[in-house]
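Some notes on the structure that comes next.
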Amino acid sequence: MIIVMEHNATQEQLNRVLKYIEDRGMKSYIHKGDLLNVVAVIGNEINLNPENIAALEGVTAVKKVQEPYKLVSRVSHPEDTVINFPNGVKIGGLERPVLMVGPCSVEKDFDGLLQVAKAAKEMGCQFLRGGAFKPRTSPYDFQGLEEKGLQYLAQARQETGLLVVTEVMDTMDIPLLCQYADVLQVGARNMQNFKLLKALGRINKPVMIKRGPAATIKEFLLAAEYVVSNGNPNVILCERGVKGFDSQFSRNVLDIAAVPIIKKLSHLPVIVDPSHATGKRYLIEPMGKASLIAGAHGLMFEVHHDPDNAMCDGAQSLNIEQFKETTRVFNKLIGRIDYDNKNK
Ligand code: PEP
Ligand code: MN
């Protein structure tokens with residue numbers, strides 16, 4: 001249930017509404033908008049009589065929220081969430097789309113990572129991505145450098161000023177990751193690891209959740225609801241393709257329609273990862289362009305200094321030259337001609 005307060009409602013009137021909800025055993029979240037304050041009620045609403053609430057002073061409307069994802073829904077929070085980073089970077093709303101690039105996993109060769117990071121900085125990207133804890137299908141594949149990888153990312157951040165996005169696989173690693181990362185990524189395979197999502201609700205760093213390969217949009221939004229309802233409002237959603245029946249040419253099926261659908265249903269920022277969606281480097285540019293045109297708040301894709309010898313996902317990684325070419329196209333599309341040397 002959503003309770004909309006009058007624009008000139010007093011704090012006292014708001015407190016009375018909150019107490020009314022609390023007395024009936026429910027939790028409330030206040031969203032302070034530019035014009036109106038909205039109270040979202042979470043819990044079993046059986047004890048709440050909407051007519052009685054509507055009659056409380058200062059209340060202008062009471063709406064039932066049909067969707068199970070209440071806090072991430074646009075109904076409870078009409079304005080877009082814009083996530084602010086300490087260095088001034090913003091994601092969401094009408095902000096210019098952001099670019100997150102880097103290798104699938106952080107590897108032993110720090111110099112390779114730094115080459116990618118420097119190129120990313122030069123092209124105006126805001127984030128360096130790279131896994132230090134890797135979810136691999138086979139236990140015999142490279143599992144990541146763990147803390148050493150985090151140190152490499154932090155070192156690259158220090159040299160370039162890029163923000164760091166890296167994956168968290170286990171609640172146990174959260175304190176360590178919080179020391180190094182600017183955004184904690186929940187991988188597609190962990191989208192419904194509810195214990196992990198709840199724990200990420202209790203940290204004060206933004207969390208990026210990747211869509212599970214077989215997850216519906218509703219399940220995707222409910223994963224975000226886990227984080228937000230546990231106290232962390234800064235969640236980014238990442239569409240990365242879902243399982244189809246034909247993986248011969250594209251690893252997954254990129255659900256581009258998910259972008260405008262999520263923007264309609266939710267206020268959270270949504271970005272697209274064309275690397276994991278397709279598994280093919282030549283598809284990064286066309287699918288990235290399509291995603292930006294569909295309204296994505298950013299793109300994340302893989303870049304490696306030597307993709308042919310990458311420890312993982314080389315086939316869906318651009319080399320540095322290809323990255324620059326592709327990013328010129330993206331920069332042009334998002335109106336950043338200052339980075340578009342070729343098309344000036
Ligand atoms: C990744 O971003 O490196 C990754 C493992 O992606 P996903 O969880 O989408 O498979
Ligand atoms: Mn990868």
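As the structure lists them, so they are numbered: ligands from 1, and atoms in each ligand from 1. Sequential numbering from 1 along the given sequence is applied to the chain's residues.
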- Message: Among Q11, E12, K19, exactly one meets side-chain hydrogen bond (donor to acceptor under 3.5 Å, both in side chains) together with N15. Which residue is that?
- Response: Q11

- Message: If you define the side chain from C-beta out and look only at heavy atoms, does anything of Q316 sit under 4.5 Å from F301?
- Response: no

- Query: Taking only heavy atoms of G187, which atoms of ligand 1 are found under 4.0 Å from at least one of them?
  - Reply: 8 (O)

- Note on the structure: Quick note on ligand 1: atoms under 4.0 Å from a heavy atom of E302 include exactly 3 (O)

- Message: Quick test: of every protein heavy atom, which one is nearest to atom 3 (O) of ligand 1, and how far off is it to 0.1 Å?
- Response: R129 NH2, 2.8 Å

- State if Q185 counts as touching ligand 1 under the rule of any non-hydrogen atom under 4.0 Å. yes

- Query: Hey, which N, O or S atom on D313 ends up closest to the Mn ion (ligand 2)?
  - Reply: OD2

- Closest to the Mn ion (ligand 2), which N/O/S atom of E302 is it? OE2

- Note on the structure: Distance col, row T326:OG1 vs E321:CD, nearest 0.5 angstrom, shows 10.5 Å

- Message: Counting neighbours of NZ on K205 that are heavy atoms of other residues, nucleotides or ligands and sit closer than 6.0 Å, is the number greater than 12?
- Response: yes

- Task: Would you mind checking which non-hydrogen protein atom is closest to atom 4 (C) of ligand 1, with the distance to 0.1 Å?
- Result: H276 NE2, 3.4 Å

- Residue, atom and distance of the protein heavy atom nearest atom 10 (O) of ligand 1 read R240 NH2, 2.9 Å

- Task: Can you establish whether the number of heavy atoms outside E57 located under 6.0 Å from its atom CD is more than 12?
- Result: no

- Message: A188 versus ligand 1: do any nitrogen or oxygen atoms come within less than 3.5 Å of each other?
- Response: yes

- Item | D246, CG atom: more than 12 neighbouring heavy atoms under 6.0 Å | yes

- Item | N, O or S atom of C104 closer to the Mn ion (ligand 2) than 2.8 Å | yes

- Message: Under a 4.0 angstrom heavy-atom cut-off, which atoms of ligand 1 come close to E167?
- Response: 5 (C)

- Nearest-contact summary for atom 6 (O) of ligand 1 - protein heavy atom, Å: K210 NZ, 3.0 Å

- Note on the structure: A student checking ligand 1 against R189 at a 4.0 Å heavy-atom cut-off should list atoms 10 (O)

- Only residue of L184, I236, D273 satisfying side chain to side chain contact (heavy atoms under 4.5 Å, CB included) with M208 is I236

- Roughly how far, to the nearest 0.5 Å, is CD1 of I3 from CD1 of I21? 4.0 Å

- Task: For D313 and R251, run salt bridge (Lys or Arg N to Asp or Glu O under 4.0 Å): C-alpha distance rounded to whole Å, both residues' side-chain angles, the deciding distance at 0.1 Å, then the answer.
- Result: CA-CA 11 Å; D313 285 350; R251 188 170 167 181; 3.3 Å; yes

